[in-house]
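The next block holds one structure in the form of structure tokens; read it before the comments.
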Amino acid sequence: MAFVLSNKFDLRQTYFLFAGIAGVNPHYATIGSVALARYTVQVALQYEIDPRSLPQDWPTGYISYGRDYPLQYPAITYGTEVFEVNNALRDTAYILASKARLTDRIGPQEYRSKYSGSGYHNAMASKAPSVVKCDIATSDVYYSGTKLAIAFENTTRLWTNGTGTYCMSAQEENATLEVMVRGAIEGLVDFSRIIIMRTGSNFDRPPPHLSDWEHLVRADQNGFLIAVENVYNAGIEIVKGIVSNWGCTYSRGIKPNNYVGDIFGSLGGEPDFGFGSLTEGKKVKSGGYDIGLAAAEMDRRVSFGSRAMLR
């Protein structure tokens with residue numbers, strides 16, 4: 001936020017590549033893989049009940065705000081649940097990143113081979129690192145294990161209206177993107193010039209015949225180094241592509257072919273997830289939300305949440 005607000009920089013045409021390492025869903029990627037995301041979903045922004053206190057037939061102890069059971073869309077939203085970035089730019093970044101020669105090593109190869117058993121026949125886990133397009137789940141809790149991973153897969157799919165595919169876990173993406181939304185409202189940055197990239201350093205769930213706990217404490221996944229190296233290997237190709245084609249392509253921007261922004265519609269347009277725009281498709285005015293109008297709109301959402309879910 002300090003960087004965005006600094007008068008030392010003009011960021012209005014700047015491209016932002018947010019990149020880091022991540023836990024990886026073995027069905028869609030593997031250790032060392034590079035994922036470019038369209039959505040980031042703050043999956044742990046929910047009620048949480050200890051699963052030992054739940055009815056036996058409940059799939060998870062995570063329940064959306066304002067709801068009584070799992071796997072229901074939230075009736076109450078804070079604004080940072082889901083962010084969507086420019087899908088056309090993501091496709092362009094994917095092409096550039098795919099030029100990279102990704103690093104791999106024997107240690108990660110050996111651990112990946114454990115995922116060739118039951119339940120992983122068509123999974124990406126046992127394959128070599130590659131560049132993929134799938135989405136990011138963020139949580140302050142470093143979660144690990146099959147049941148939690150499946151619960152957050154379902155959350156990602158539900159909160160993005162069935163269009164998001166969770167493959168990487170992270171912690172800070174939604175906080176960072178909230179800063180960028182606020183900067184875009186004030187005309188300081190262009191939210192359509194954001195690229196979200198993560199590389200897999202460890203699997204989010206164990207291979208067959210290994211418990212969640214055993215998997216969490218195992219040090220032989222050996223994915224950290226290749227994940228860090230592949231952040232650079234893929235990221236530098238994106239940077240080189242933008243810089244070398246600045247005058248003919250990137251200076252004017254890549255026009256989005258999808259909704260871009262937060263769950264409230266703060267940057268204008270109609271979100272393709274959630275309850276729709278807080279401001280009837282108009283961009284929030286510079287200087288911030290009208291708190292009274294926002295509160296009234298939130299009351300309306302809670303009151304008519306069930307009807308809004310059908311939109």
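Note that the coordinates shown come from a computational prediction; the quantities given were computed from them, not determined experimentally.
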task = Report the C-alpha distance between T163 and F273 in whole Å, list the side-chain angles of each, state the deciding distance to 0.1 Å, and finish with yes or no for side-chain contact (heavy atoms from CB on, under 4.5 Å).
result = CA-CA 9 Å; T163 56; F273 51 86; over 6 Å; no
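- Among all heavy-atom pairs drawn from V24 and M168, the shortest one is CG2-CE, 3.8 Å.
- Here the closest non-hydrogen pair linking K114 and P208 is O-CD, 3.4 Å.
- A donor-acceptor pair under 3.5 Å links the side-chain atoms of S211 to the main chain of E214, judged by distance alone.
- In this structure, I49 is not a member of the same hydrophobic cluster as V141, with clusters built from ILVMFWY side-chain heavy atoms closer than 4.5 Å.
- Among residues two or more places apart in sequence or in another chain, the side-chain contact (heavy atoms from CB on, under 4.5 Å) test is passed with R12 by D10.
- Among pairs with a residue in residues 30-39, those fulfilling salt bridge (Lys or Arg N to Asp or Glu O under 4.0 Å) read R38-E84, R38-D272, at least two apart in sequence or across chains.
- In the displayed structure, W246 atom CH2 is contacted under 6.0 Å by more than 12 heavy atoms of other residues, nucleotides or ligands.
- Among residues at least two apart or in separate chains, salt bridge (Lys or Arg N to Asp or Glu O under 4.0 Å) pairs with a member in residues 124-133 are D91-K133.
- A distance of 12.0 Å separates CE in M180 from CD1 in I185, rounded to the nearest 0.5 Å.
- Counting only N and O atoms by type, the side chains of E186 and S286 include a donor and acceptor under 3.5 Å apart.
- The minimum heavy-atom distance linking R101 with N233 is given by the pair O-ND2, 3.6 Å.
- Residues in residues 36-122 take part in no disulfide bond (SG atoms under 2.5 Å apart) pair, two or more places apart or across chains.
- Listed by first then second residue, pairs satisfying ring pair (Phe, Tyr, Trp, His ring centres under 6.0 Å) with a partner in residues 170-208 read Y115-F203, not counting sequence neighbours.
- T155 places a side-chain N or O within donor-acceptor distance of the main-chain N or O of A151, the cut-off being under 3.5 Å.
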inquiry  = Evaluate D104 against Q109 for side-chain contact (heavy atoms from CB on, under 4.5 Å), listing each step before the verdict.
reply    = CA-CA 8 Å; D104 199 6; Q109 290 172 357; 3.2 Å; yes
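- Between F3 and F16, the ring planes lie perpendicular to each other; the angle is over 60°, past the 30° to 60° tilted range.
- E153 has its side chain within reach of N25: a pair of non-hydrogen atoms, C-beta onward, lies under 4.5 Å apart.
- For D212, there are no salt bridge (charged side-chain N to carboxylate O under 4.0 Å, His left out) partners two or more places apart in sequence or in a different chain.
- Under a hydrophobic-cluster definition in which Ile, Leu, Val, Met, Phe, Trp and Tyr are linked whenever side-chain heavy atoms come within less than 4.5 Å, directly or via other members, F275 and Y259 are assigned to the same cluster.
- Considering CG of D204 and CG of L216, their distance stands at 11.5 Å, rounded to 0.5 Å.
- Nearest heavy atom pair, residue P26 against residue A123, reads O-CB, 3.3 Å.
- Residues passing the side-chain contact (heavy atoms from CB on, under 4.5 Å) test with Y47, sequence neighbours excluded: I63, Y65.
- Counting heavy atoms from C-beta on, the side chains of T92 and Y250 come closer than 4.5 Å.
- Under the salt bridge (charged side-chain N to carboxylate O under 4.0 Å, His left out) criterion, D68 pairs with no residue, sequence neighbours left out.
- In terms of the salt bridge (charged side-chain N to carboxylate O under 4.0 Å, His left out) criterion, residue partners of R182 (sequence neighbours excluded) are, by chain and number, E178.
- Distance CH2/W159 to CG/L45: 5.5 Å, rounded to 0.5 Å.
- Panel note: side chain Q221, backbone Y111; no donor-acceptor pair is recorded below 3.5 Å.
- Counting heavy atoms from C-beta on, the side chains of V284 and S266 come closer than 4.5 Å.
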Residues D135, Y166; criterion side-chain contact (heavy atoms from CB on, under 4.5 Å); working and verdict = CA-CA 5 Å; D135 301 304; Y166 155 66; 5.7 Å; no
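- Going from atom CG of L96 over to atom CG of L89 covers 9.0 Å, rounded to the nearest 0.5 Å.
- Here the shortest heavy-atom pairing between Y143 and S169 reads OH-CB, 3.3 Å.
- R252 meets the salt bridge (charged side-chain N to carboxylate O under 4.0 Å, His left out) test with no other residue; sequence neighbours excluded.
- No donor-acceptor distance shorter than 3.5 angstrom exists from the side chain of S64 to the backbone of Y73, with no hydrogens or angles considered.
- With rounding to the nearest 0.5 angstrom, the CD1 atom of I263 is 9.0 Å from the CZ atom of F83.
- Between M197 and F18, every side-chain heavy-atom pair lies at or beyond the 4.5 Å cut-off.
- Side chains of S33 and Y28: no donor on one and acceptor on the other come within 3.5 Å.
- Y120 places none of its side-chain heavy atoms less than 4.5 Å from the side chain of S116.
- Cluster annotation: V132 and L36 are assigned to distinct hydrophobic clusters (Ile/Leu/Val/Met/Phe/Trp/Tyr, side-chain heavy-atom contacts under 4.5 Å, transitive).
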Step-by-step side-chain contact (heavy atoms from CB on, under 4.5 Å) determination, I195 to L17 = CA-CA 5 Å; I195 301 166; L17 173 60; 3.6 Å; yes
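- Looking only at distances, a side-chain donor or acceptor of N174 sits under 3.5 Å from a matching main-chain atom of T80.
- Residue pairs meeting the disulfide bond (SG atoms under 2.5 Å apart) criterion with at least one partner in residues 55-136, sequence neighbours excluded, are C134-C167.
- Distance alone, capped at 3.5 Å, is enough to place a donor-acceptor pair between the N86 side chain and the S192 backbone.
- No side-chain donor-acceptor contact under 3.5 Å links N245 to the backbone of T249.
- For Y62, the ring-ring contact (aromatic ring centres under 6.0 Å, His included) partners two or more places apart in sequence, or in a different chain, are F152.
- Listed for the R112 side chain is a donor-acceptor partner under 3.5 Å among the backbone atoms of I31.
- The main-chain N or O of G32 is never found under 3.5 Å from a side-chain atom of T199 such that the two would form a donor-acceptor pair.
- Connection of W213 to Y142 is established within a shared hydrophobic cluster, with ILVMFWY side chains joined at heavy-atom distances below 4.5 Å, either directly or through further cluster members.
- Contact check for K147 versus P51: no side-chain heavy atoms found under the 4.5 Å cut-off.
- In summary, the side chains of T40 and E173 do not present any donor paired with an acceptor at a separation below 3.5 Å, with no hydrogens or angles considered.
- Across all their heavy atoms, S251 and R193 have their closest contact at O-NH2, 2.9 Å.
- Judged by distance alone, the side chain of E280 and the main-chain N or O of S277 form no donor-acceptor pair under 3.5 Å.
- Hydrophobic clustering (side-chain heavy atoms under 4.5 Å, transitive across Ile, Leu, Val, Met, Phe, Trp, Tyr) groups I194 together with L5.
- The structure places OG1 of T60 at 7.5 Å from CG of L71, a figure rounded to the nearest 0.5 Å.
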